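I have placed the structure first, in the form of structure tokens, so that the comments after it can refer back to it.
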Amino acid sequence: MTLSRRQEIADEKIIVLQKVLIPLVNKMHEKGDFCFKTVPAKGSGTGDYWVPIDDIKGRYLYAYFDEDPDWVVSSSQKIADDYQKVIAEYQKQKPEEFQNILENGKEWLFGKLLTWGGSVVEEGLLDHSEIAKLTDDFQKSIDKKGERFFGYFHGNVIGDHVYVDEEKNLYLLSMQIVPRPGRGYYDFLRTLDWLLLKTDCDFEKIVSWMKQNIENQDWEEIKLVFALRCLGILGWDMLHRGDMGKGDTEKKKEFLLKFIRREY
């Protein structure tokens with residue numbers, strides 16, 4: 001699959017940012033109490049995942065899922081939490097790059113609702129009124145919390161962007177800093193929506209991991225942000241890109257629609 005120009009530009013930005021973030025991350029790791037390292041990486045050429053440039057013996061995090069799903073999830077959660085420390089440290093160095101989070105966050109959020117939701121409505125899996133309801137509920141959350149509804153994140157703390165060497169050291173690849181809804185927990189939800197597509201985990205297990213790993217947050221808000229993430233999996237990955245993941249496709253669609261409709 002040929003990369004779009006938009007994807008090429010995004011990859012180029014990640015490569016540039018790597019030069020700053022790699023030494024920052026590894027310095028923080030050396031000080032201890034930090035769960036991951038990083039190394040220079042490059043895009044796979046398909047836009048799907050990133051590859052360490054160095055020859056590191058190991059495998060991607062998702063390859064451990066069948067053996068120990070709870071370890072995969074807990075490791076992802078720790079990486080998501082530690083990456084917030086990286087962002088905070090980088091923000092001290094480059095405060096000018098962290099302006100207008102409300103405007104930039106809203107632009108990304110409502111753009112994705114339109115793009116991803118459109119695909120699902122065209123397929124007849126959701127009604128336009130359901131996308132309108134999601135849009136309205138997001139606007140209400142923004143009206144209530146303002147820029148506090150958004151945070152800065154990696155955006156792809158997922159199983160094929162985390163590499164694990166033979167000593168089980170974790171390496172986070174393709175580092176970027178992007179505004180997203182769900183301050184404090186978006187990156188972890190991104191972990192879960194990807195696992196829902198790429199593994200055989202079931203609906204109740206996903207809900208259980210959400211409740212176990214996200215603390216001191218409004219549950220209805222979490223469900224709203226996860227509805228967006230599941231809309232992305234269904235509307236973009238499955239319907240647009242044709243990535244049906246692993247397992248029963250129809251069952252996955254059923255789970256995703258249930259999450260999107262927040263029927264749990």
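Keep in mind that what you see is a predicted model, and the values were worked out from it rather than measured.
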Please name the pair of heavy atoms, one in [X] and one in [Y], separated by the smallest distance, quoted to 0.1 Å.
| X | Y | answer |
| --- | --- | --- |
| Y60 | V164 | C-CG2, 4.5 Å |
| K251 | D248 | N-OD1, 3.1 Å |
| W50 | A41 | CZ3-O, 3.5 Å |
| G58 | Y163 | O-OH, 2.9 Å |
| T38 | L172 | OG1-O, 2.6 Å |
| K37 | V25 | C-CG1, 4.1 Å |

**OP:** Would you mind listing every salt bridge (charged side-chain N to carboxylate O under 4.0 Å, His left out) that reaches into residues 165-186, with sequence neighbours excluded?
**Re:** none
Subject >> Residue pairs, two or more places apart or on separate chains, that pass salt bridge (charged side-chain N to carboxylate O under 4.0 Å, His left out) and touch residues 50-61 >> reply: R59-E67
Is any side-chain heavy atom of [Y] closer than 4.5 Å to one of [X]?
| X | Y | answer |
| --- | --- | --- |
| I177 | V86 | no |
| W236 | V120 | no |
| D137 | R262 | yes |
| K42 | I15 | no |
| Y83 | L21 | yes |
| D70 | W209 | yes |

All N/O donor-acceptor pairs, side-chain side in residues 187-203, below 3.5 Å, sequence neighbours left out:
{"from": "D187", "atom 1": "OD1", "to": "G155", "atom 2": "N", "distance (Å)": "2.8"}
{"from": "D187", "atom 1": "OD2", "to": "H154", "atom 2": "N", "distance (Å)": "2.9"}
{"from": "R190", "atom 1": "NE", "to": "G155", "atom 2": "O", "distance (Å)": "3.4"}
{"from": "R190", "atom 1": "NE", "to": "N156", "atom 2": "OD1", "distance (Å)": "3.3"}
{"from": "R190", "atom 1": "NH1", "to": "D193", "atom 2": "OD1", "distance (Å)": "2.7"}
{"from": "R190", "atom 1": "NH2", "to": "N156", "atom 2": "OD1", "distance (Å)": "3.2"}
{"from": "T191", "atom 1": "OG1", "to": "V157", "atom 2": "O", "distance (Å)": "2.6"}
{"from": "T191", "atom 1": "OG1", "to": "D187", "atom 2": "O", "distance (Å)": "3.4"}
{"from": "D193", "atom 1": "OD2", "to": "R229", "atom 2": "NE", "distance (Å)": "2.7"}
{"from": "K198", "atom 1": "NZ", "to": "D243", "atom 2": "OD1", "distance (Å)": "3.4"}
{"from": "K198", "atom 1": "NZ", "to": "D243", "atom 2": "OD2", "distance (Å)": "2.6"}
{"from": "T199", "atom 1": "OG1", "to": "L195", "atom 2": "O", "distance (Å)": "2.7"}
{"from": "T199", "atom 1": "OG1", "to": "C201", "atom 2": "N", "distance (Å)": "3.2"}
{"from": "D202", "atom 1": "OD1", "to": "E204", "atom 2": "N", "distance (Å)": "3.4"}
{"from": "D202", "atom 1": "OD1", "to": "K205", "atom 2": "N", "distance (Å)": "2.8"}

**OP:** Please list, chain by chain and in numerical order, all residues satisfying ring pair (Phe, Tyr, Trp, His ring centres under 6.0 Å) with Y171, sequence neighbours excluded.
**Re:** none
Original post:
For F150, which residues count as a ring pair (Phe, Tyr, Trp, His ring centres under 6.0 Å) partner, sequence neighbours excluded?
Top reply: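 For F150 there are no ring pair (Phe, Tyr, Trp, His ring centres under 6.0 Å) partners, ignoring immediate neighbours.
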Measuring from atom [atom1] of [X] to atom [atom2] of [Y], what distance do you get when rounded to the nearest 0.5 angstrom?
| X | Y | atom1 | atom2 | value |
| --- | --- | --- | --- | --- |
| L256 | L234 | CG | CG | 5.5 Å |
| L125 | L239 | CG | CG | 6.0 Å |
| I260 | L126 | CD1 | CG | 5.5 Å |
| S44 | H161 | OG | NE2 | 8.0 Å |
| K92 | I87 | NZ | CD1 | 13.5 Å |
| E254 | E250 | CD | CD | 9.5 Å |

**OP:** May I have all residue pairs that pass side chain to side chain donor-acceptor pair (under 3.5 Å) and include part of residues 13-28, sequence neighbours excluded?
**Re:** none
Original post:
Please, which pairs that meet side chain to side chain donor-acceptor pair (under 3.5 Å) have at least one residue in residues 96-124, sequence neighbours excluded?
Top reply: Y90-E97
Original post:
Backbone N or O of C35 within a donor-acceptor pair of the D82 side chain at under 3.5 Å?
Top reply: yes
What pairs with [X] under side chain to side chain contact (heavy atoms under 4.5 Å, CB included), at least two apart in sequence or on another chain?
| X | value |
| --- | --- |
| E30 | none |
| Q139 | F110, I142, D143 |
| K144 | none |

Any chain of hydrophobic side-chain contacts (each under 4.5 Å) joining [X] to [Y]?
| X | Y | value |
| --- | --- | --- |
| F98 | I14 | yes |
| F149 | V178 | no |
| L134 | L114 | no |

Original post:
Below 6.0 angstrom between ring centroids: does that apply to F36 and F34?
Top reply: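 For F36 and F34, the ring centres are under 6.0 Å apart.
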**OP:** Go through the structure and list residues passing side chain to side chain donor-acceptor pair (under 3.5 Å) with E130, not counting sequence neighbours.
**Re:** R261
Original post:
Charged N to carboxylate O below 4.0 Å: is that the case for K140 and D136?
Top reply: yes
Original post:
Should the ring pair F153 and Y186 be called parallel, tilted or perpendicular, given that the plane angle runs from 0 to 90° and is split at 30 and 60?
Top reply: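 F153 vs Y186 ring planes: tilted.
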For residues 217-228, which side-chain N or O atoms pair as donor and acceptor with protein atoms under 3.5 Å away, sequence neighbours left out?
{"from": "D218", "atom 1": "OD2", "to": "E220", "atom 2": "N", "distance (Å)": "3.2"}
{"from": "D218", "atom 1": "OD2", "to": "E221", "atom 2": "N", "distance (Å)": "2.8"}
{"from": "E221", "atom 1": "OE1", "to": "K145", "atom 2": "NZ", "distance (Å)": "3.1"}
{"from": "E221", "atom 1": "OE2", "to": "Y185", "atom 2": "OH", "distance (Å)": "2.7"}
{"from": "K223", "atom 1": "NZ", "to": "Y264", "atom 2": "O", "distance (Å)": "2.7"}

Original post:
Testing L61, I158, D81 for side chain to side chain contact (heavy atoms under 4.5 Å, CB included) with S76, which one passes?
Top reply: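 Among L61, I158, D81, the one meeting side chain to side chain contact (heavy atoms under 4.5 Å, CB included) with S76 is L61.
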Original post:
Which residue, L173, I53, I22, forms the side chain to side chain contact (heavy atoms under 4.5 Å, CB included) with V39?
Top reply: L173
Original post:
Please walk me through it: do V72 and V162 pass side chain to side chain contact (heavy atoms under 4.5 Å, CB included)?
Top reply: CA-CA 10 Å; V72 170; V162 178; over 6 Å; no
Original post:
Just wondering, more than 12 heavy atoms not from K253 lying within 6.0 Å of its NZ?
Top reply: yes
